[in-house]
Amino acid sequence: MMNRLFVVSVFALLLQGCAGAVMVGAVSGAKMANDERSMSTQISDTNADFTIASALSKYDDLNNQTNIAAVVMNNNVLMIGQAPNSMLRDKAISVVQDLQIGGKIHNQIRIGTPTSFTTRSNDTWVTTKVKGRMLNEKSLDITRIKVITENGEVFLLGLIDRKQADLAVEIARNTAGVRKVVKVFEYTEL
């Protein structure tokens, strides 16, 4: 009896995972279709995300002493995280510059101690809350906006019009747990 209950429980969890995967796939497909970037730019941006992560991971000092990540949108790079000193921050920026991704590099790496697991978990929760609030706003097309939270700072990226950008900023700014909102938008014409 106990084994049967265990199998049923595991099966139920697996089914929940499948539903989540289907939902993520559907949302991702909608995001790609509604994105102002061309399909090749979207693919190029995704490849650049992996290229940057791989390049940064080759340096032990960057791996062991910093918490740095990069997000690419429309060939522009947003670098976020923490480095204990400007030397390591500048090294990370230099590594990315050498990759010649093509666009501008937005340096938002803070000098300080890398954030803890607890802080990063809280950042994930803040991102979820911001996205959820944006999803509830009928006049906002969330499929065109990336939301990234780093140490309580919410970074908003996307290729959208100013009215949508302003609405996204207001929603993020008024979400519990958000210390600061940083816009990294590129604007389209209405």
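Along the sequence shown, residues carry numbers from 1.
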Lys129 side-chain N/O to Ala176 backbone N/O, donor-acceptor pair under 3.5 Å: yes
side-chain contact (heavy atoms from CB on, under 4.5 Å) between Asn174 and Arg133, worked out: CA-CA 10 Å; Asn174 292 302; Arg133 292 190 65 224; 4.0 Å; yes
How long is the gap from CD on Gln42 to CG on Asn47, to the nearest 0.5 Å? 12.0 Å
Asn76 side chain to Gly103 backbone, donor-acceptor under 3.5 Å: no
Going from CG on Leu99 to CD1 on Ile52, what distance comes out if it is rounded to the nearest 0.5 angstrom? 6.0 Å
List the residues meeting side-chain hydrogen bond (donor to acceptor under 3.5 Å, both in side chains) with Ser44, not counting sequence neighbours, and say none if there are none. none
Cut-off 3.5 Å, side chains only: do Thr115 and Asn151 have a donor facing an acceptor? no
How would you list, by chain and number, every residue that makes a side-chain contact (heavy atoms from CB on, under 4.5 Å) with Ala53, sequence neighbours excluded? none
For residues 106-113, tabulate all N or O donor-acceptor pairs below 3.5 Å that involve a side-chain atom, not counting sequence neighbours.
unit_1	atom_1	unit_2	atom_2	d
Asn107	OD1	Ile109	N	3.0
Gln108	OE1	Arg110	NH1	3.0
Gln108	OE1	Arg110	NH2	2.8
Arg110	NE	Glu153	OE2	3.0
Arg110	NH2	Glu153	OE1	2.5

Met79 and Ile68: side-chain contact (heavy atoms from CB on, under 4.5 Å), yes or no, with the steps? CA-CA 7 Å; Met79 297 195 63; Ile68 296 174; 3.9 Å; yes
Where the side chain of Asp161 meets the backbone of Thr188, is there a donor-acceptor pair that is under 3.5 Å apart? no
Looking only at side-chain N and O atoms, does Asn85 offer a donor or acceptor that is under 3.5 Å from a partner on Gln65? no
Would you compute the distance between atom CD1 of Ile93 and atom CG of Leu88 and round it to the nearest 0.5 angstrom? 12.0 Å
With sequence neighbours left out, which residue pairs that include part of residues 87-105 fulfil the side-chain hydrogen bond (donor to acceptor under 3.5 Å, both in side chains) condition? Asp61-Lys91
Interatomic spacing from CG in Leu156 to CD1 in Ile171 - rounded to 0.5 Å: 10.0 Å
Is Gln164 reaching over with its side chain to a backbone N or O of Ser139, donor-acceptor style, under 3.5 angstrom? yes
Partners passing side-chain hydrogen bond (donor to acceptor under 3.5 Å, both in side chains) against Asn63 (at least two apart in sequence or in another chain): none
How long is the span from the CD1 atom in Ile142 to the CD atom in Glu137, to the nearest 0.5 Å? 11.0 Å
Kindly compute the distance separating NZ (Lys146) from OG1 (Thr127), expressed to the nearest 0.5 Å. 12.5 Å
Test your reading of the model: is there a side-chain donor-acceptor pair from Thr66 to the backbone of Leu62, 3.5 Å cut-off? yes
Can you list everything that forms a side-chain hydrogen bond (donor to acceptor under 3.5 Å, both in side chains) with Thr124? Sequence neighbours excluded, please. none
